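Every chain is numbered from 1, with letters handed out A, B, ... down the list of sequences. This structure is a prediction, so every number in the text was calculated from the model and none was measured.
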Amino acid sequence: GIQVEQSPPDLILQEGANSTLRCNFSDSVNNLQWFHQNPWGQLINLFYIPSGTKQNGRLSATTVATERYSLLYISSSQTTDSGVYFCAPPGGSEKLVFGKGTKLTVNP
Amino acid sequence: DTEVTQTPKHLVMGMTNKKSLKCEQHMGHRAMYWYKQKAKKPPELMFVYSYEKLSINESVPSRFSPECPNSSLLNLHLHALQPEDSALYLCASRIGPNFSYEQYFGPGTRLTVT
């Protein structure tokens, strides 16, 4: 099945800094989801991105399916951005395959 | 409204208890999922229901029994659990097979087995 690797595993930032999170996957995919899991456990949909670039406020995501990676950009980070970020491409007709996540800590 | 609700938020149960987790969505989605998430790990798929029929069981022990009584509701019945079953249980939904893969997650039930 498809393998998913996320980097870095941990990231510590000062408020206001920018960051880039990476997701590599072993097979070509038609789409991919990015999630933010907040400290209370809620998995929040950030992007559903078949290919190309999408933007939502301070966040944007780019997927280059032919090169098997996706990037999540966070600009002007805030303490509320802290949590774990997961990418998840489909692993079959009904499943998502989650990476191990990037734990982001934004300090005031 | 892209909301999936789960009850209860927290549950503490003994190893001899029987309890149920409930998940509800009113988005007209026809695929619903149960995931288990241990601390510092990604969610692991347990079950998938498509059009109210069980389509995937990821070799989950029989002490976990899913049920999909209608297209909006998904239950997970728990019986004779072990302490290692303590985890965050997440429900998700999706439009349905052959449609968008995008899944929407509920807030989870944090289960502690004593």
Side-chain angles (χ1 to χ4, degrees), chain A residues 1-11 21 23-25 27-51 54 56 61 63 65 70 82-105, chain B residues 1-6 8-11 23 25 27 29-51 53-59 86-112:
Chain A
I2 188 170
Q3 305 296 313
V4 182
E5 287 187 11
Q6 290 187 243
S7 59
D10 294 277
L11 186 57
L21 283 58
C23 174
N24 291 336
F25 36 91
D27 298 329
S28 60
V29 298
N30 293 324
N31 58 78
L32 179 140
Q33 276 191 267
W34 280 99
F35 297 94
H36 172 215
Q37 188 163 40
N38 65 24
W40 297 271
Q42 171 86 58
L43 266 174
I44 299 161
N45 285 27
L46 296 178
F47 295 100
Y48 174 73
I49 178 167
S51 64
K54 285 192 173 182
N56 184 1
T63 294
S70 183
S82 295
V84 182
Y85 290 80
F86 291 105
C87 68
S93 62
E94 300 197 73
K95 297 184 186 184
L96 291 178
V97 178
F98 284 82
K100 292 184 177 179
T102 292
K103 183 179 178 184
L104 175 64
T105 302
Chain B
D1 181 13
T2 54
E3 189 179 28
V4 177
T5 59
Q6 289 187 243
K9 285 187 171 47
H10 300 274
L11 178 62
C23 172
Q25 57 86 16
M27 296 179 279
H29 290 179
R30 303 306 298 274
M32 295 184 76
Y33 301 74
W34 280 116
Y35 289 84
K36 173 182 178 179
Q37 187 178 22
K38 301 285 277 184
K40 300 187 189 303
K41 298 286 188 183
E44 293 177 20
L45 183 65
M46 299 175 73
F47 302 103
V48 181
Y49 273 83
S50 294
Y51 296 99
K53 292 192 190 315
L54 185 64
S55 58
I56 295 178
N57 176 342
E58 294 285 270
S59 303
S86 299
L88 180 67
Y89 288 84
L90 293 161
C91 174
S93 72
R94 175 185 149 209
I95 292 177
N98 303 317
F99 292 93
S100 162
Y101 284 95
E102 188 172 12
Q103 292 188 23
Y104 297 86
F105 282 78
T109 293
R110 202 165 291 277
L111 174 67
T112 302

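Side-chain atoms of A:Val29 and B:Tyr101, non-hydrogen and from C-beta on, never get closer than 4.5 Å to each other. Using a 4.5 Å cut-off on side-chain heavy atoms (C-beta onward), A:Gln37 and B:Leu88 make contact.
At most 12 non-hydrogen atoms from other residues, nucleotides or ligands lie less than 6.0 angstrom from CG of A:Asn30. For B:Lys38, the NZ atom counts as densely surrounded, since its 6.0 Å shell holds more than 12 non-hydrogen atoms of other residues, nucleotides or ligands. Annotation: A:Lys54, atom NZ; neighbour count of heavy atoms from other residues, nucleotides and ligands within 6.0 Å is above 12. Heavy atoms of other residues, nucleotides or ligands lying less than 6.0 angstrom from CD of B:Glu58 number more than 12.
Looking at every heavy atom in both residues, B:Gly106 comes nearest to A:Gln42 through O-NE2, 3.5 Å. Scanning both residues, B:Leu90 and A:Gly41, for their nearest heavy atoms gives CD2-O, 4.1 Å. A:Gly99 and B:Pro42 make their closest contact through O-CB, 3.3 Å (heavy atoms, listed as atom of the first residue, atom of the second, distance).
Here the NZ atom belonging to A:Lys95 is positioned 9.5 Å from the OH atom belonging to B:Tyr35, to the nearest 0.5 angstrom. From B:Glu102, atom CD reaches atom CG of A:Leu96 across 10.0 Å, with rounding to the nearest 0.5 Å. The structure places CZ of A:Phe35 at 6.5 Å from CD of B:Gln103, a figure rounded to the nearest 0.5 Å. Atom CD1 of residue A:Ile44 and atom CZ of residue B:Phe105 lie 12.5 Å apart, to the nearest 0.5 angstrom.
With a 4.5 angstrom heavy-atom cutoff, B:Gln6 does not touch chain A via any of its atoms. Proximity to chain A is absent for every atom of B:Glu44, based on heavy atoms less than 4.5 angstrom apart. The parts of A:Glu94 that come within reach of chain B are both its backbone and its side chain, each placing non-hydrogen atoms under 4.5 angstrom from that chain.
Between chain B and the options A:Phe98, A:Trp40, A:Tyr48, the largest number of non-hydrogen pairs under 4.5 Å is found for A:Tyr48.
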